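Structure record follows, encoded as structure tokens.
Owing to the predicted nature of the structure, the values given are computational and were not obtained by experimental measurement.
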Amino acid sequence: MQLQVMNSPFNQEQAELLNRLLPTLTDSQKVWLSGYLAASQSTFVTSTSESKAAEVSALSTGQISNEAIILYGSQTGNAQRLAENAGRTLAGRGFQITVSAMSDFKPNNLKKVQNLLIVVSTHGEGAPPDNALSFHEFLHGRRAPKLDELYFSVLSLGDSSYEFFCKTGKEFDKRLEELGGTRLFPRVDCDLDYDEPAAKWLEGVLGGLSESQGGSTALVPAPVTQAAETAYSRTNPFHAEVLENINLNGRGSNKETRHLELSLEGSGITFEPGDSLGIYPENDPALVDMLLAEMKWDPEEIVMINKQGDVRPLKDALISHFEITVLTKPLLKQAVQLSANEDLQKLISPGNEEKLKAYLKGRDLLDMVRDFGPWSKTAQGFISILRKMPARLYSIASSLSANPDEVHLTIGTVRYHTHGRERKGVCSILCAERLQPGDTLPIFIQYNPNFKLIKNQNTPIIMVGPGTGIAPFRSFMQEREEIGVEGKSWLFFGDQHFVTDFLYQTEWQKWLKNGVLTKMDVAFSRDTDEKVYVQNRMLEHSPELFEWLQEGAAVYICGDEKNMAHDVHNTLIAIIENEGGMSREKAEDYLANMQQQKRYQRDVY
């Protein structure tokens with residue numbers, strides 16, 4: 001049945017326009033439009049009539065409050081944007097909404113909350129995001145209160161290629177139940193392509209809240225993706241022309257680091273220092289050819305690539321639309337339905353978790369199809385289990401005010417040998433081996449509110465960024481030079497060799513000379529008998545570094561989380577402990593307080 005606009009407040013011309021438009025809309029477009037209209041009427045503040053109606057409903061049914069708090073834990077900004085969009089949707093439905101980072105919420109107020117929505121990502125090897133650490137610790141500690149009156153729901157973001165997929169969200173969900181809370185709607189775990197499951201979660205939450213208010217559950221949620229400032233976004237990327245693509249490393253280096261300059265001309269795209277750029281890459285055609293040959297598929301066979309019914313030739317689909325270089329546990333669990341191979345059955349059976357983990361590491365789709373054939377499904381049936389190609393995120397290495405209509409990136413090329421084959425990073429090798437000036441890349445801006453230059457320009461800043469972690473600090477320096485910031489700045493940079501691996505060396509020397517950069521300390525680990533890293537340089541300057549902290553300096557860390565960022569974090573605590581003459585616990589509190597004040601920010605991966 002087609003929806004027709006009749007008996008409406010629209011005039012005849014408007015009604016005719018709507019009647020022509022509505023039948024052409026997809027379900028996702030209808031969801032977006034509904035949410036847009038709802039959100040345009042409210043920015044987390046409901047009208048008096050809506051509030052009174054909700055209050056009357058709640059009072060008449062004797063049910064829970066129409067107030068709700070949405071707490072988010074976000075490292076790169078995705079969870080924050082989803083939380084804010086959920087807030088707009090709920091406000092548009094008459095609920096009184098507060099949206100807050102977990103780090104800004106006073107845990108002692110939790111007992112007063114009746115409706116709690118958690119939107120949280122899982123970072124690194126199963127850790128909470130930085131701005132969720134303190135709340136996570138409180139909730140799992142001895143001081144957590146009984147929450148028998150609490151209604152809650154959790155939206156969890158993660159990456160199924162990691163062992164601890166959505167671990168933080170699962171922990172919040174389990175703990176809130178243990179403390180006596182009641183679920184408004186079951187937890188939803190989202191993989192990298194989170195739009196659809198997040199929309200379903202929000203619709204479920206709306207239904208749960210409405211039932212508790214004695215209202216209707218037939219609600220359509222607002223969009224859960226970011227309200228873009230331009231027409232371009234993660235779901236509608238801009239095709240940016242490549243202006244420059246050069247190798248930053250000198251001859252003889254063990255590394256290859258690409259400096260990429262892309263044109264944003266005509267896009268209207270804006271960003272700030274600290275934001276990231278998302279790239280949708282293409283798989284290596286040579287790897288795709290090997291996969292096609294192994295499966296004896298016709299490269300020109302037309303296949304459907306999504307639920308909307310879009311079609312592509314099979315080879316094009318495998319190059320540009322599907323992830324084929326990473327194996328995940330969910331993928332193997334689906335693959336077992338397509339193969340009678342007993343070894344695959346055993347691998348995913350209960351009790352074989354360690355063997356499965358070992359198998360997944362370093363292997364790709366070609367390994368799987370070679371190891372566990374024969375396969376019973378057609379190409380269409382097989383690709384239906386594959387994950388959509390995820391975007392790769394890179395810290396932006398330029399300032400828009402210093403380089404109008406451009407964005408620069410610093411990308412480390414990934415090559416390694418394992419399981420009898422040479423392996424290559426999908427995006428980094430695309431940039432290093434196949435991308436030429438004049439080509440285009442589909443890109444979008446990943447806004448990151450959790451890694452930003454401190455607003456007070458006189459505040460000293462300390463930057464720690466070895467290797468490609470230098471990227472955002474180049475952006476910081478360009479921005480500070482452009483606007484004439486006079487506050488002190490100190491950079492710690494490290495890599496393997498001074499001669500071949502000192503990224504952007506002449507630029508740092510220029511900024512030191514003109515005073516934009518106050519101090520710089522470097523560590524080149526392979527130039528000395530004993531390896532020296534950035535944390536060693538920090539320890540060498542402990543007294544002065546602590547003086548800067550006491551002056552209110554903000555500390556920024558960018559780079560590898562598992563090793564570098566972990567070591568730098570512990571080094572900071574040791575410096576605070578020793579130079580401040582305080583206990584380890586007090587030093588940890590000192591750093592936690594810096595984080596609360598946004599004086600300790602990390603862009604780590």
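- For the pair Ser153/Arg183, no side-chain contact is recorded, criterion being any heavy-atom separation below 4.5 Å from C-beta on.
- Contact record, Phe164 with Gly126: CB-CA, 3.7 Å, taken as the closest heavy-atom pair.
- The backbone N or O of Ser74 lies less than 3.5 Å from a partner atom in the side chain of Asn131, making a donor-acceptor pair.
- Contact check for Leu549 versus Met594: side-chain heavy atoms found under the 4.5 Å cut-off.
- The stretch residues 155-167 participates, sequence neighbours left out, in these side-chain hydrogen bond (donor to acceptor under 3.5 Å, both in side chains) pairs: Asp159-Ser161, Asp159-Arg387, Ser160-Asp191, Ser160-Arg387, Glu163-Lys357, Lys167-Glu171.
- If you take CZ on Phe152 and CG on Leu184, they are separated by 8.5 Å, rounding to the nearest 0.5 Å.
- In this structure, the side chain of Asp364 does not engage the main chain of Val326 through any donor-acceptor pair within 3.5 Å.
- Formation of a donor-acceptor pair under 3.5 Å by the Glu177 side chain with backbone atoms of Arg175 is not found in this model.
- Looking at heavy atoms from C-beta onward, Asn66 lies out of side-chain contact with Asn115 at the 4.5 angstrom threshold.
- In this structure, Cys190 and Ala198 approach most closely via the heavy-atom pair SG-N, 4.0 Å.
- Checking side-chain atoms of Tyr194 against main-chain N and O of Gly158 turns up no donor-acceptor pair under 3.5 Å.
- Residues Tyr151 and Leu209 fail the side-chain proximity criterion, which asks for heavy atoms closer than 4.5 Å.
- In this structure, the side chain of Asn352 does not engage the main chain of Ile348 through any donor-acceptor pair within 3.5 Å.
- Atom OG of Ser134 sits about 11.0 Å away from atom CZ of Phe105, to the nearest 0.5 Å.
- Few gaps surround CD on Gln597; more than 12 heavy atoms of other groups in view lie less than 6.0 Å from it.
- Annotation: side chain of Gln75 is not in contact with side chain of Asn450 (no heavy-atom distance under 4.5 Å).
- With a 4.5 Å cut-off on side-chain heavy atoms, Met102 and Val120 count as touching.
- Under the 6.0 Å distance and 45° angle rule, Arg187 does not count as a cation-pi partner of Phe172.
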Practice problem: Decide side chain to side chain contact (heavy atoms under 4.5 Å, CB included) for Leu179 and Leu150; before the verdict, give the C-alpha distance in whole Å, the side-chain angles of both, and the deciding distance to 0.1 Å. | Solution: CA-CA 9 Å; Leu179 294 172; Leu150 180 75; over 6 Å; no

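- Judged by distance alone, with hydrogens and angles left aside, the side-chain atoms of Arg599 form no donor-acceptor pair with the main-chain N or O of Asn593 at under 3.5 Å.
- Not one N or O on the side chain of His136 forms a donor-acceptor pair closer than 3.5 Å with the backbone of Ala132.
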Quiz item: side chain to side chain contact (heavy atoms under 4.5 Å, CB included) between Ile445 and Ile396: does it pass, once the steps are laid out?
Solution: CA-CA 9 Å; Ile445 299 297; Ile396 291 175; 4.0 Å; yes

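- Ile411 has its side chain out of reach of Thr468: every pair of non-hydrogen atoms, C-beta onward, lies at least 4.5 Å apart.
- Of the residues Trp490, Phe546, Trp548, the one that meets the side-chain contact (heavy atoms from CB on, under 4.5 Å) test with His541 is Trp490.
- A donor atom on one side chain and an acceptor atom on the other are not found under 3.5 Å apart for Asp130 and Gln601.
- The structure places CG of Leu409 at 9.5 Å from OG of Ser276, a figure rounded to the nearest 0.5 Å.
- If you take NZ on Lys146 and CD on Glu178, they are separated by 9.0 Å, rounding to the nearest 0.5 Å.
- Classification of Glu196 and Lys200 as a salt-bridged pair holds, one side-chain N sitting under 4.0 Å from a carboxylate O.
- Applying the ring-ring contact (aromatic ring centres under 6.0 Å, His included) criterion to His569, with sequence neighbours excluded, gives Tyr600.
- Residue Lys111 places its NZ atom among more than 12 non-hydrogen atoms of other residues, nucleotides or ligands, all under 6.0 Å distant.
- Heavy-atom contacts from other residues, nucleotides or ligands closer than 6.0 Å to NZ of Lys488 number more than 12.
- Annotation: the span from Met463 atom CE to Phe492 atom CZ amounts to 10.0 Å, rounded to 0.5 Å.
- Ile576 places none of its side-chain heavy atoms less than 4.5 Å from the side chain of Lys586.
- Nearest approach of Ser395 to Ala471, heavy atoms of both residues: O-CB, 3.7 Å.
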Self-check item: Working for side chain to side chain contact (heavy atoms under 4.5 Å, CB included), residues Arg480 and Ile461
Solution: CA-CA 11 Å; Arg480 286 164 68 91; Ile461 65 171; 3.7 Å; yes

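- For Thr459 against Ala554, the heavy-atom pair with the smallest separation is CG2-N, 4.1 Å.
- In this structure a side-chain-to-backbone donor-acceptor pair under 3.5 Å is present from Lys170 to Phe165.
- Across every non-hydrogen atom of Leu331 and Leu327, the tightest pair is CD2-CD2, 3.8 Å.
- At distances below 3.5 Å, at least one donor-acceptor pair connects side-chain atoms of Asn578 with backbone N or O atoms of Ala574.
- The closest donor-acceptor contact from the side chain of Tyr280 to the backbone of Arg234 lies under 3.5 Å.
- The aromatic rings of Phe473 and Phe476 sit perpendicular to each other, their planes meeting at more than 60°, with 30° as the lower class boundary.
- Between the side chains of Tyr533 and Asp567, no donor N or O sits under 3.5 Å from an acceptor N or O.
- Here the CD1-CG distance, from Ile462 to Leu545, works out to 4.0 Å after rounding to the nearest 0.5 Å.
- Residues Phe444 and Tyr232 keep their aromatic ring centres 6.0 Å or farther apart.
- Considering all non-hydrogen atoms of both residues, Ala523 and Arg537 come closest at CB-CG, 3.8 Å.
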Self-check item: side chain to side chain contact (heavy atoms under 4.5 Å, CB included) evaluation trace for His123 with Thr168
Solution: CA-CA 8 Å; His123 196 56; Thr168 301; over 6 Å; no

